[in-house]
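Here's the structure we're looking at; comments come further down.
When a ligand or atom number is given, it counts from 1 through the structure's own listing order.
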Amino acid sequence: MIINIDLSNLKYRYDVYQMFNLFYPFNELVFQKDNWNYKVEVKDDKFIIRDKEESKEFFIEEASKIKEELKKAVYIFLRDKTGKNFPWGTLVGIRPSKIALSLLNEGKSEDEIVDYFYNHHLTNEEKARLCIRVGKIEKRMVNKEQNTISLYIGMPFCPTRCLYCSFASNPIASCKKIVEPYIHSLTHEIEKISKFIREKDLNVETIYFGGGTPTAVNDEQFEYIMKNIYNKFICGNNIKEFTVECGRPDSLTQNKFTTMKKYRVDRISINPQTMNEDTLKLIGRNHTVSDVIEKFKMARELGFNNINMDIIVGLPKERLTQIKNTCKEILSLKPDSLTVHGLSVKRGSKLHENMKEHLQNIDQNELNLMYKETSKLAEDLGMTPYYMYRQKNMIGNMENVGYSLPKMECIYNIQMIEERQTIIAMGADSVTKVVFLDENRLERVPNVKDVIEYNKRADEMVERKTIELNKLY
Ligand SMILES: C[S@@+](CC[C@H](N)C(=O)[O-])C[C@H]1O[C@@H](n2cnc3c(N)ncnc32)[C@H](O)[C@@H]1O
Ligand code: SF4
C-alpha cells in the first residue's frame, strides 16, 4: 500500500521519512500534495499533524532543535495512531553509544543520561542504560594514539549467498576463475601496505580478516594468504589481536584450523545465525546445526580459546520458540563472545519482497522478548555488552550488540565502531578510514566492490589510500 504524505516544507523530508519508515517499513512512502493520508505542516512556532480523522498540534520549544522536535511529534502522532512503540524511540543513528560516551565525558550522571535519551529521542531506559554500559567500556579501550592503527583484510567469497546478506559475498562455485587472481591482487596490496607501515613506523594494534568468508577458499589458498598476512604484519610485531571471521562452518576444515593456529590467530568466529535446521535451509546457508557443533568442538580441541558466535534475531519464520532453541544450543557450547544482530532488510530487496508477510506480522512485543532472550543468554554465559551499532532498516528498529566474557572483547570491533583509530583496509569492497585525531575528522577511502575490477586495479587502490594516509603520516 502507498502512503502519501503532504509535507509543507520538503527541507524536513528525510527526518519525516525516517519516522514514517519506522512505522510503515513495508509501505511505499510518497511525498505529494494530492490524496494525502497524512499531512505534516511546519509553522514558525508549531507543527500540525493530521490524518483523515484527527489533527494534533505540537509546539516548538527550541527552534535550534527543530528537526529533533519534528521527529518526536511525528513519532508520537504515529505511535498513538498505530499503537506501535519502539524501544529506541526516534533514534535511528548508527552509533547511539557515542551519545552516552560524550555525555559521560561532560560529567553527566547515569540518571541524567537516561533522562536525556528519553527527552530528546523517547528512548526507553533499558536501551539508554545499554548505551551507558557500552560507552564506559569504549571509553576505556578506545584508541588515543594517532600512530596506532588496525588492519582489515577482506575475502569477498562465500560457500553460498545467504538470503539476507548485503555484504560482498560471491558464491565461490560460480566464480572459481577469479579466486586465484583475487588472491594474487590481495597479496600485492598486502605487500605494498606492509611496506608503507614499515616506512612510517606505524604500530598495528589489531588485524581483522573478514568478508564474505575468509575460509571459503580451499586449504592451499587459505594457507598461502595466511602465510602472507603473518609474514608481512605479524611476525616480529607486537599485535594485540588477530581475528579470522571463519563464519561458515561448511567452509572449515581441520587443515584451516591448523593453519590459523600456526599463524597465531587469537580469535575466530563460528557463526550459526540460528540453531534451527528449517531456518538454515530457508536462508540458504548450506550447513546444519550439527556442523556448527562439530566445528565448534574441533576448534576447542585444537586450542582456540576465544571463539565468537553471531546470531540474528528476526530471521524469516522465526519467533520466540525458535530463538529460545538457538539460545539453549549456544548456552551448551559456551562461546567466549556472542554477537546478536537484528535482521536488517533493505527496501526493494528480494527478502523484502518475499518475506513481507512474515516480517510485517512480527509483533514488536514478541520481538522485544526475542531480544530479551538473547541478553539473558549472554548473562547466563557470564558475558556483558561491550559494543553496539545499528543499521538502517532493522526489523523493529533494534540494534546489534556484541557481548563477551571479561577480557575477551574484540578490540577491533570497538575501534571500528568508535572511529577513533585509522583502519587500513585491503581487498575488494573494503573501506579504509583515515582518522585525523587532532582535527576530529575522518576520511573514507573505499576499494572497488567488484572482484574483477579489483583484480585489474589493485595498484590504484593502494595509491588512493596512500595519498590520504600521507596527509596524516
Ligand atoms: C560480514 S558478515 C560475515 C560473516 C560470515 N560470512 C557468516 O555469515 O558467518 C557478519 C555478520 O553480519 C550479520 N549479517 C549479515 N547480513 C545481515 C542482515 N541483513 N541483517 C542482520 N545481520 C546480518 C551476520 O550475523 C553475519 O555473521
Ligand atoms: S556467509 Fe556471511 S558474508 Fe557470506 S552471504 Fe552469508 S552472511 Fe553474507
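- If you check the side chains of D219 and T259, you find no donor sitting under 3.5 Å from an acceptor.
- Among all protein heavy atoms, the one lying closest to atom 4 (Fe) of ligand 2 is C158 SG, 2.3 Å.
- Considering only non-hydrogen atoms, atom 4 (C) of ligand 1 lies nearest to N271 out of N271, I283, L315.
- Counting heavy atoms closer than 4.0 Å to ligand 2, residue T213 contributes side-chain atoms (C-beta onward) but none from N, CA, C or O.
- Remark: minimum distance from atom 6 (Fe) of ligand 2 to any protein heavy atom is reached at C162 SG, 2.3 Å.
- Distances from atom 8 (Fe) of ligand 2 show that C165 has an N/O/S atom below 2.8 Å.
- In the candidate list R248, R161, H341, H341 is nearest to atom 12 (O) of ligand 1, counting heavy atoms.
- Around atom 27 (O) of ligand 1, the closest heavy atom drawn from T274, I311, D310 belongs to D310.
- At a heavy-atom cutoff of 4.0 Å, ligand 1 is contacted by no atom of M155, backbone or side chain.
- Residue contact check: R285 has heavy atoms under 4.0 Å from atoms 1 (S), 6 (Fe), 7 (S) of ligand 2.
- The part of F167 lying near ligand 1 is the side chain, judged by heavy-atom distances below 4.0 Å.
- Listed by atom number, the atoms of ligand 1 under 4.0 Å from Q273 heavy atoms are 7 (C), 8 (O), 9 (O), 24 (C), 25 (O), 26 (C), 27 (O).
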